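Read the structure below first, then the notes.
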Amino acid sequence: MANKLTSSEVQHALSTLNNTLEEGQTWQLENNAIVKTFTFKSFIRAFGWMSQIAIWAEKLNHHPEWFNVYNRVEVKLSTHDLNGLSDLDFKLADKMEKLCD
């Protein structure tokens, strides 16, 4: 079972996650969740990325809330059982960053 992160732990994890990302491409904190919109070159690339992430989400037993329209995927991560954020959210976000185009 994951543990809920404190506010300072969330800020540190978010800063670490965003450290190498360009401005405008960062994860944002919204209502006990981290959110980001990924944009790809085509629908097939967006869908392929989602398929890769689905495999990792299953391995982590931690599944994203996401919404896909054409080449855009809106992602919202939180640990619903904890009503907040855990390490699982940041692990999955990191994997999403590593596998995106």
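For clarity, every value in this text was computed on a predicted model and none was experimentally measured.
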Of all residues at least two apart in sequence or in a different chain, which pass the side chain to side chain contact (heavy atoms under 4.5 Å, CB included) check with [X]?
X     : value
Lys98 : Asp94
Lys76 : Ala33, Val35, Glu65
Gln25 : Glu22, Lys36

Residues that Phe67 engages under ring-ring contact (aromatic ring centres under 6.0 Å, His included), provided they are two or more places apart
none
What residues form a ring-ring contact (aromatic ring centres under 6.0 Å, His included) with Phe43, not counting sequence neighbours?
Phe47
Are the side chain of Asn3 and the backbone of Leu5 linked by a donor-acceptor contact shorter than 3.5 Å?
no
Output yes when a side-chain donor or acceptor of Asn71 lies under 3.5 Å from a complementary backbone atom of Thr39, and no otherwise.
no
Value rounded to 0.5 Å, distance of [atom1] in [X] from [atom2] in [Y]:
X     : Y     : atom1 : atom2 : answer
Gln52 : Lys95 : CD    : NZ    : 9.5 Å
Thr16 : Gln11 : OG1   : CD    : 11.0 Å
Ile53 : Leu92 : CD1   : CG    : 6.0 Å
Ser78 : His62 : OG    : NE2   : 7.0 Å
Leu60 : Lys91 : CG    : NZ    : 7.0 Å

Apply side chain to side chain donor-acceptor pair (under 3.5 Å) to [X] and list each qualifying residue two or more places apart in sequence or on a separate chain.
X     : value
Ser8  : Thr6
Ser86 : Thr79
Gln28 : Thr26
Glu58 : His63

Quick check: closest heavy atoms across [X] and [Y], and the distance to 0.1 Å?
X     : Y     : result
Gly84 : Asp89 : O-OD2, 4.0 Å
Ser42 : Tyr70 : CA-OH, 4.1 Å
Leu77 : Leu85 : O-CD2, 3.4 Å
Trp66 : Ala54 : CH2-N, 4.1 Å

Determine, step by step, whether Trp56 and Leu99 satisfy the side chain to side chain contact (heavy atoms under 4.5 Å, CB included) criterion, reporting the C-alpha distance in whole Å, the side-chain angles of both residues, the deciding distance to 0.1 Å, and the verdict.
CA-CA 10 Å; Trp56 281 101; Leu99 293 176; 3.7 Å; yes
Give the cluster check for Ile55 versus Leu88: same hydrophobic cluster or not, with ILVMFWY residues linked at side-chain heavy-atom distances below 4.5 Å.
no
Taken in chain and number order and not counting sequence neighbours, the residues that satisfy salt bridge (charged side-chain N to carboxylate O under 4.0 Å, His left out) with Glu74 are Arg72
Residue pairs meeting ring-ring contact (aromatic ring centres under 6.0 Å, His included), one or both in residues 12-38, sequence neighbours left out, come to Trp27-Phe38, Phe38-Trp49
